[in-house]
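Data first, discussion second: the structure below is written as structure tokens.
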Amino acid sequence: MLVSAPPTAAVISSASSTVLQAREIRRILIRLHYLPLIPEDYLGVHGHIHKTYQWRFKIPRALQALAASDSWQDPWNPLVLGALYQFEAVHNLPIVPGGMGIRGLPLNIEKALLHAKKTDPDPWTWILVTKFPRPEEIHLFMGGHGWIFQSKANTGVMHATPDGTWPIYARDTHTAMVGRFPIPVSHAQIRLYEAAKSAGYALQSVHYSRYHHHWVEYQHYDDPDIRWVNYL
């Protein structure tokens with residue numbers, strides 16, 4: 001059964017190309033509890049009807065500030081995008097955004113949204129990471145229950161994990177992580193290396209580069225036993 005919607009909300013062309021508007025996607029995610037909001041209408045100063053949302057449960061101040069800083073109409077709103085990712089995970093779909101956040105979704109995901117009846121089987125959760133004061137910590141909020149968990153956390157070297165709010169697109173309870181991470185070096189170390197190289201000394205090749213306004217060299221890592229990883 002298709003979700004009841006205004007004629008402009010969903011268009012099915014002769015080429016079977018389904019185009020859902022962002023407001024209809026939000027409506028579906030709210031109806032199925034992937035997005036824990038209650039839509040409300042209010043009358044604007046010029047007589048126009050505007051849409052706003054209220055939370056279904058009491059939320060902490062940090063989440064209130066976040067929700068106030070991002071427009072619900074923004075297709076890249078991280079809370080709405082996170083709800084979409086959860087919907088995709090529950091329905092065994094690829095965890096992907098559309099061409100513009102929740103707009104321009106692949107056809108199979110739009111069809112799944114149109115026909116969806118399964119509500120979110122998991123409680124709605126939100127993670128707050130604090131990097132200062134040390135140590136870094138993770139705080140887990142669950143809708144209707146409040147703060148339920150706190151633990152030490154590890155973010156990226158040299159602020160490689162950017163500040164901000166991001167939807168989680170993948171989680172691993174146990175994984176291996178392979179790559180390179182930056183190690184800061186001083187200007188004196190770089191000058192000494194260049195001088196020794198110019199003098200003809202046989203040196204191992206080192207590549208220095210700029211990272212977050214610092215000189216760094218990169219070191220390879222291969223960590224096989226990393227627990228509870230969230231990719232954002």
Side-chain angles (χ1 to χ4, degrees), residues 1-41 51-57 63 66-67 69-127 140-144 161-162 164-179 226-232:
M1 183 177 69
L2 294 179
V3 176
S4 176
T8 56
V11 178
I12 302 180
S13 72
S14 58
S16 299
S17 177
T18 306
V19 179
L20 280 175
Q21 293 189 5
R23 66 172 179 267
E24 182 60 18
I25 293 173
R26 287 193 298 271
R27 189 179 303 158
I28 294 170
L29 294 173
I30 289 172
R31 176 174 59 83
L32 298 176
H33 294 178
Y34 291 91
L35 199 56
L37 303 174
I38 301 171
E40 294 182 352
D41 294 331
K51 181 75 69 179
T52 187
Y53 299 92
Q54 298 295 329
W55 291 84
R56 288 195 287 107
F57 39 72
L63 183 51
L66 166 66
S69 66
D70 287 304
S71 169
W72 291 115
Q73 281 66 46
D74 181 355
W76 292 103
N77 183 300
L79 298 174
V80 182
L81 200 55
L84 173 67
Y85 288 168
Q86 172 68 358
F87 173 88
E88 292 169 342
V90 169
H91 289 81
N92 297 313
L93 295 164
I95 311 300
V96 294
M100 288 189 62
I102 63 170
R103 293 179 184 166
L105 293 171
L107 179 61
N108 62 327
I109 293 176
E110 291 197 339
K111 285 185 175 180
L113 283 162
L114 278 169
H115 293 84
K117 295 180 181 180
K118 186 177 181 179
T119 58
D120 190 353
D122 300 315
W124 192 87
T125 56
W126 179 68
I127 292 173
L140 180 62
F141 172 84
M142 180 181 292
T161 302
T165 300
W166 319 93
I168 302 298
Y169 69 85
R171 301 174 177 86
D172 272 318
T173 56
H174 187 193
T175 188
M177 300 184 73
V178 180
I226 305 298
R227 304 296 180 108
W228 311 112
V229 177
N230 291 275
Y231 293 98
L232 52 88

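Start at 1 with the first residue, then count along the sequence.
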On a heavy-atom basis, which atom in [X] and which in [Y] lie closest, and how many Å separate them?
X: L63; Y: L79; answer: CD1-CD1, 4.3 Å
X: P167; Y: P78; answer: CB-O, 3.7 Å
X: S71; Y: N77; answer: O-ND2, 3.1 Å
X: R31; Y: A116; answer: NH2-O, 3.6 Å
X: G98; Y: W76; answer: O-CH2, 4.4 Å
X: P94; Y: N108; answer: CD-ND2, 4.2 Å

Checklist entry - Does CH2 belonging to W228 count more than 12 external heavy atoms closer than 6.0 Å? => result no

If we only count heavy atoms from C-beta on, is the [X] to [Y] side-chain gap below 4.5 Å?
X: L20; Y: L105; result: no
X: S69; Y: L66; result: yes
X: V80; Y: L84; result: no

Straight-line distance of [X] [atom1] to [Y] [atom2], nearest 0.5 Å:
X: Y231; Y: R171; atom1: OH; atom2: CZ; value: 13.0 Å
X: L232; Y: I168; atom1: CG; atom2: CD1; value: 5.0 Å
X: N230; Y: Y169; atom1: CG; atom2: OH; value: 10.5 Å
X: Y34; Y: K118; atom1: OH; atom2: NZ; value: 6.5 Å
X: T119; Y: F87; atom1: OG1; atom2: CZ; value: 11.5 Å
X: L32; Y: L113; atom1: CG; atom2: CG; value: 8.5 Å

Checklist entry - Any donor and acceptor pair, going by atom type alone, linking the side chain of E88 with main-chain N or O of V96 inside 3.5 Å? => result yes

Checklist entry - Who are the ring pair (Phe, Tyr, Trp, His ring centres under 6.0 Å) partners of F141, not counting sequence neighbours? => result W147

Checklist entry - What class does the angle between the rings of W124 and F57 fall in, given that below 30° is parallel, 30 to 60° is tilted and above 60° is perpendicular? => result tilted

